[in-house]
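We use all heavy atoms of the structure for the numbers below, so side chains are in, but hydrogens, waters and symmetry mates are not. Since we're looking at a predicted model, the values are computed, not measured.
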Amino acid sequence: MQVTVVTFDGFNELDSFIASALINRCRKDGLEAFITTPTPVVTSMNGVEVTGQRPMEFVTEADVVLIGSGVKAREVVADDRLISRLRLDPSRQLIGAQCSGALVLARLGLLAGMPACTDRKSRPFVEACDITVLDVPFHAEGNIATAGGCLASQYLATWVITRTLGAEAARDVIDYVAPVGENEETVERATRAVAEGEVALR
(Lines give C-alpha, C1' and ligand atoms only; values in the text may rest on other atoms or scores of the structure.)
Protein backbone atom coordinates (compact mmCIF):
# COMPACT_ATOMS: atom_id res chain seq x y z
CA MET A 1 0.00 0.00 0.00
CA GLN A 2 1.40 3.34 -1.05
CA VAL A 3 0.85 6.74 0.54
CA THR A 4 1.58 10.01 -1.20
CA VAL A 5 2.27 13.03 0.98
CA VAL A 6 1.68 15.90 -1.42
CA THR A 7 4.17 18.64 -0.60
CA PHE A 8 4.06 22.02 -2.31
CA ASP A 9 6.57 24.87 -2.40
CA GLY A 10 6.39 26.80 0.88
CA PHE A 11 5.40 23.65 2.76
CA ASN A 12 5.29 23.25 6.53
CA GLU A 13 7.94 20.69 7.51
CA LEU A 14 5.98 19.41 10.50
CA ASP A 15 2.96 18.56 8.40
CA SER A 16 4.73 16.61 5.67
CA PHE A 17 7.53 15.00 7.64
CA ILE A 18 5.64 13.88 10.75
CA ALA A 19 2.97 12.10 8.73
CA SER A 20 5.43 10.44 6.35
CA ALA A 21 7.84 9.44 9.13
CA LEU A 22 5.13 7.83 11.24
CA ILE A 23 3.60 5.97 8.31
CA ASN A 24 7.00 4.73 7.16
CA ARG A 25 7.43 2.92 10.46
CA CYS A 26 4.98 0.46 8.89
CA ARG A 27 7.13 -0.40 5.86
CA LYS A 28 7.64 -3.95 7.10
CA ASP A 29 3.87 -4.36 7.06
CA GLY A 30 3.56 -3.12 3.51
CA LEU A 31 2.59 0.51 4.08
CA GLU A 32 5.00 3.13 2.71
CA ALA A 33 4.82 6.91 2.31
CA PHE A 34 6.52 9.09 -0.29
CA ILE A 35 7.02 12.85 -0.37
CA THR A 36 5.35 13.81 -3.64
CA THR A 37 6.08 17.17 -5.24
CA PRO A 38 4.91 19.15 -8.29
CA THR A 39 8.51 20.07 -9.18
CA PRO A 40 11.71 18.06 -8.60
CA VAL A 41 12.68 20.26 -5.65
CA VAL A 42 10.47 22.28 -3.30
CA THR A 43 11.49 24.72 -0.58
CA SER A 44 9.81 24.79 2.82
CA MET A 45 8.47 27.85 4.59
CA ASN A 46 11.76 27.91 6.51
CA GLY A 47 14.03 27.53 3.50
CA VAL A 48 14.64 23.77 3.64
CA GLU A 49 15.04 22.34 0.15
CA VAL A 50 13.62 18.86 -0.39
CA THR A 51 13.84 16.60 -3.41
CA GLY A 52 10.55 14.88 -4.09
CA GLN A 53 10.49 11.09 -3.95
CA ARG A 54 7.66 10.84 -6.46
CA PRO A 55 6.24 13.19 -9.12
CA MET A 56 2.75 14.63 -8.77
CA GLU A 57 1.29 12.07 -11.17
CA PHE A 58 1.90 9.44 -8.47
CA VAL A 59 -1.29 10.64 -6.74
CA THR A 60 -3.40 8.62 -9.18
CA GLU A 61 -1.61 5.38 -8.23
CA ALA A 62 -1.50 5.80 -4.46
CA ASP A 63 -3.87 4.07 -2.06
CA VAL A 64 -3.70 7.04 0.31
CA VAL A 65 -3.29 10.73 -0.54
CA LEU A 66 -2.35 13.26 2.15
CA ILE A 67 -2.27 16.94 1.24
CA GLY A 68 0.24 18.91 3.29
CA SER A 69 -0.05 22.57 4.17
CA GLY A 70 2.14 25.59 3.62
CA VAL A 71 2.36 29.33 3.27
CA LYS A 72 1.54 29.18 -0.45
CA ALA A 73 -1.69 27.18 -0.16
CA ARG A 74 -3.82 29.95 -1.61
CA GLU A 75 -1.46 30.21 -4.58
CA VAL A 76 -1.76 26.46 -5.06
CA VAL A 77 -5.56 26.48 -5.18
CA ALA A 78 -5.51 29.42 -7.61
CA ASP A 79 -3.28 27.50 -10.02
CA ASP A 80 -5.66 25.63 -12.34
CA ARG A 81 -2.87 23.72 -14.03
CA LEU A 82 -1.46 22.48 -10.73
CA ILE A 83 -4.87 21.55 -9.33
CA SER A 84 -5.68 19.61 -12.51
CA ARG A 85 -2.77 17.27 -11.72
CA LEU A 86 -4.49 16.17 -8.51
CA ARG A 87 -6.78 13.50 -9.89
CA LEU A 88 -8.17 11.94 -6.73
CA ASP A 89 -10.80 9.26 -6.29
CA PRO A 90 -12.39 9.04 -2.82
CA SER A 91 -14.20 5.85 -3.82
CA ARG A 92 -10.91 3.94 -3.82
CA GLN A 93 -8.43 6.22 -2.02
CA LEU A 94 -8.13 7.44 1.54
CA ILE A 95 -7.71 11.21 1.26
CA GLY A 96 -6.55 13.48 4.05
CA ALA A 97 -5.53 17.11 4.40
CA GLN A 98 -3.45 18.89 7.00
CA CYS A 99 -4.21 22.50 8.01
CA SER A 100 -4.33 24.67 4.86
CA GLY A 101 -4.43 21.48 2.80
CA ALA A 102 -8.18 21.69 3.47
CA LEU A 103 -8.25 24.52 0.92
CA VAL A 104 -7.04 22.07 -1.71
CA LEU A 105 -9.74 19.54 -0.85
CA ALA A 106 -12.33 22.32 -0.96
CA ARG A 107 -11.05 23.45 -4.37
CA LEU A 108 -11.38 19.87 -5.61
CA GLY A 109 -14.95 19.68 -4.34
CA LEU A 110 -14.16 16.92 -1.87
CA LEU A 111 -15.48 18.73 1.22
CA ALA A 112 -18.95 19.43 -0.14
CA GLY A 113 -21.50 18.85 2.60
CA MET A 114 -19.01 18.07 5.32
CA PRO A 115 -17.14 20.13 7.93
CA ALA A 116 -13.37 20.28 8.15
CA CYS A 117 -10.47 20.93 10.48
CA THR A 118 -7.74 23.45 9.75
CA ASP A 119 -5.34 25.78 11.54
CA ARG A 120 -6.27 29.18 12.93
CA LYS A 121 -4.65 31.21 10.15
CA SER A 122 -6.29 29.17 7.41
CA ARG A 123 -9.71 29.10 9.05
CA PRO A 124 -11.17 32.27 7.48
CA PHE A 125 -10.08 31.15 4.01
CA VAL A 126 -11.61 27.70 4.46
CA GLU A 127 -14.81 29.26 5.79
CA ALA A 128 -14.86 31.54 2.74
CA CYS A 129 -15.28 28.34 0.71
CA ASP A 130 -18.56 27.73 2.59
CA ILE A 131 -16.95 24.98 4.67
CA THR A 132 -17.82 24.75 8.36
CA VAL A 133 -14.60 24.63 10.41
CA LEU A 134 -14.68 22.56 13.60
CA ASP A 135 -12.86 23.37 16.83
CA VAL A 136 -11.33 19.91 17.02
CA PRO A 137 -7.98 18.57 15.77
CA PHE A 138 -9.27 15.76 13.56
CA HIS A 139 -12.41 14.93 11.63
CA ALA A 140 -13.23 12.19 9.13
CA GLU A 141 -16.18 11.16 7.04
CA GLY A 142 -15.85 7.98 5.04
CA ASN A 143 -12.58 8.10 3.12
CA ILE A 144 -11.92 11.81 3.66
CA ALA A 145 -10.24 13.32 6.71
CA THR A 146 -8.84 16.68 7.78
CA ALA A 147 -6.58 17.67 10.65
CA GLY A 148 -5.96 21.09 12.17
CA GLY A 149 -2.77 22.24 13.90
CA CYS A 150 0.73 21.11 12.94
CA LEU A 151 1.02 18.44 15.62
CA ALA A 152 -2.34 17.01 14.59
CA SER A 153 -0.44 15.41 11.72
CA GLN A 154 0.10 12.52 14.13
CA TYR A 155 -3.68 12.04 14.16
CA LEU A 156 -3.82 11.99 10.37
CA ALA A 157 -1.10 9.33 10.37
CA THR A 158 -2.92 7.39 13.10
CA TRP A 159 -6.07 7.43 10.95
CA VAL A 160 -4.20 6.17 7.89
CA ILE A 161 -2.48 3.35 9.77
CA THR A 162 -5.69 2.36 11.55
CA ARG A 163 -7.67 2.25 8.32
CA THR A 164 -5.04 0.28 6.42
CA LEU A 165 -3.36 -1.96 9.01
CA GLY A 166 -5.61 -1.80 12.06
CA ALA A 167 -5.76 -0.09 15.42
CA GLU A 168 -3.02 -2.17 17.02
CA ALA A 169 -0.52 -1.21 14.33
CA ALA A 170 -1.35 2.47 14.89
CA ARG A 171 -0.98 2.13 18.65
CA ASP A 172 2.44 0.48 18.21
CA VAL A 173 3.71 3.33 16.04
CA ILE A 174 2.52 6.08 18.37
CA ASP A 175 3.84 4.22 21.38
CA TYR A 176 7.29 4.02 19.77
CA VAL A 177 7.55 7.75 19.04
CA ALA A 178 5.87 9.00 22.21
CA PRO A 179 7.92 11.02 24.72
CA VAL A 180 9.48 8.69 27.27
CA GLY A 181 7.24 8.31 30.27
CA GLU A 182 4.22 9.59 28.34
CA ASN A 183 3.63 6.58 26.13
CA GLU A 184 0.23 5.53 27.40
CA GLU A 185 -1.28 9.00 27.44
CA THR A 186 0.14 9.83 24.00
CA VAL A 187 -1.29 6.65 22.48
CA GLU A 188 -4.65 7.23 24.15
CA ARG A 189 -4.79 10.85 22.99
CA ALA A 190 -4.10 9.91 19.36
CA THR A 191 -6.51 7.00 19.24
CA ARG A 192 -9.20 8.99 21.03
CA ALA A 193 -8.85 11.96 18.65
CA VAL A 194 -9.31 9.67 15.64
CA ALA A 195 -12.18 7.71 17.19
CA GLU A 196 -14.05 10.83 18.25
CA GLY A 197 -13.40 12.49 14.91
CA GLU A 198 -15.04 9.60 13.09
CA VAL A 199 -17.83 8.91 15.59
CA ALA A 200 -19.06 12.49 15.33
CA LEU A 201 -20.43 11.88 11.84
CA ARG A 202 -21.85 8.39 12.22
Using the rule given for side chain to side chain contact (heavy atoms under 4.5 Å, CB included), can you reason through Phe11 versus Met45, listing the C-alpha separation, both sets of side-chain angles and the distance that settles it, and then say yes or no?
CA-CA 6 Å; Phe11 72 96; Met45 59 191 291; over 6 Å; no
Check your understanding: For Arg81, does the CZ atom have more than 12 heavy-atom neighbours from other residues, nucleotides or ligands under 6.0 Å away?
Key -> no
Would you say CD of Glu182 has more than 12 non-hydrogen atoms from neighbouring residues, nucleotides or ligands within 6.0 angstrom?
yes
Min side-chain heavy-atom separation [X]-[Y] under 4.5 Å:
X	Y	value
Leu22	Gln154	yes
Phe34	Ser20	no
Val5	Thr36	no
Thr39	Met56	no
Leu94	Val65	no
Pro115	Ile131	no
Thr164	Asp63	no
Leu66	Val6	no

So which atom in [X] and which in [Y] form the shortest heavy-atom distance, rounded to 0.1 Å?
X	Y	result
Thr146	Ala102	CG2-CB, 4.5 Å
Thr37	Gly52	OG1-CA, 3.3 Å
Gly70	Ser100	N-OG, 3.1 Å
Leu105	Ala145	CD1-O, 4.2 Å
Ile23	Ala33	CG2-CB, 3.8 Å
Ala170	Thr162	CB-OG1, 3.3 Å

Would you say [X]'s side chain and [Y]'s backbone share a donor-acceptor pair under 3.5 angstrom?
X	Y	value
Ser153	Asp15	no
Asp9	Thr43	yes
Asp89	Ser91	yes
Gln93	Ala62	yes
Gln53	Ile35	yes
Thr191	Glu188	yes

About how many Å separate [atom2] of [Y] and [atom1] of [X], when rounded to the nearest 0.5 Å?
X	Y	atom1	atom2	value
Phe138	Glu198	CZ	CD	5.5 Å
Ser69	Lys121	OG	NZ	11.5 Å
Asp79	Phe8	CG	CZ	9.5 Å
Ile144	His139	CD1	NE2	11.0 Å
Gln98	Asn12	CD	CG	8.0 Å
Leu88	Ile95	CG	CD1	4.5 Å

| message | Pair Met1, Leu165 - check side chain to side chain contact (heavy atoms under 4.5 Å, CB included), show working. | response | CA-CA 10 Å; Met1 292 174 287; Leu165 298 176; 3.5 Å; yes
>> For Asn46 and Ser44: C-alpha separation, side-chain torsions, deciding distance, then whether side chain to side chain donor-acceptor pair (under 3.5 Å) applies.
In response: CA-CA 5 Å; Asn46 293 307; Ser44 79; 5.0 Å; no
Give the C-alpha distance, both sets of side-chain angles, the deciding distance and a yes or no for side chain to side chain contact (heavy atoms under 4.5 Å, CB included) between Arg85 and Val59. CA-CA 8 Å; Arg85 297 171 69 187; Val59 299; over 6 Å; no
Tell me whether [Y] is reachable from [X] by hopping between hydrophobic residues (I, L, V, M, F, W, Y) whose side-chain heavy atoms are closer than 4.5 Å.
X	Y	result
Leu134	Tyr155	no
Phe58	Phe17	no
Leu111	Ile83	yes
Val71	Val48	no
Val136	Leu156	no

(message) Ser16 vs Thr7, test: side chain to side chain donor-acceptor pair (under 3.5 Å). Steps then yes/no.
(response) CA-CA 7 Å; Ser16 290; Thr7 302; 3.0 Å; yes
If you apply the rule salt bridge (charged side-chain N to carboxylate O under 4.0 Å, His left out), what do you find for Arg107 with Asp80, and how did you get there?
CA-CA 10 Å; Arg107 174 71 165 77; Asp80 291 339; 2.3 Å; yes
Do Glu61 and Arg87 pass the salt bridge (charged side-chain N to carboxylate O under 4.0 Å, His left out) test, and can you show the C-alpha distance, the side-chain angles, and the key distance before you say yes or no? CA-CA 10 Å; Glu61 304 173 27; Arg87 298 177 182 174; over 6 Å; no
| field | Cation-aromatic face contact Arg74/Phe125, 6.0 Å, 45 degrees | value |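 Here Arg74 passes the 6.0 Å and 45° test against Phe125.
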Report task. Go through the steps for Asp119 and Ser122 under the test side chain to side chain donor-acceptor pair (under 3.5 Å), then give the verdict. Result -> CA-CA 5 Å; Asp119 63 282; Ser122 299; 2.7 Å; yes
Exercise. Mind running side chain to side chain contact (heavy atoms under 4.5 Å, CB included) on Arg25 and Val177 for me, showing each step along the way?
Key: CA-CA 10 Å; Arg25 290 193 174 277; Val177 302; 3.5 Å; yes
Checklist entry - Do Arg163 and Asn143 pass the side chain to side chain donor-acceptor pair (under 3.5 Å) test, and can you show the C-alpha distance, the side-chain angles, and the key distance before you say yes or no? => result CA-CA 9 Å; Arg163 287 288 304 270; Asn143 286 345; 2.7 Å; yes
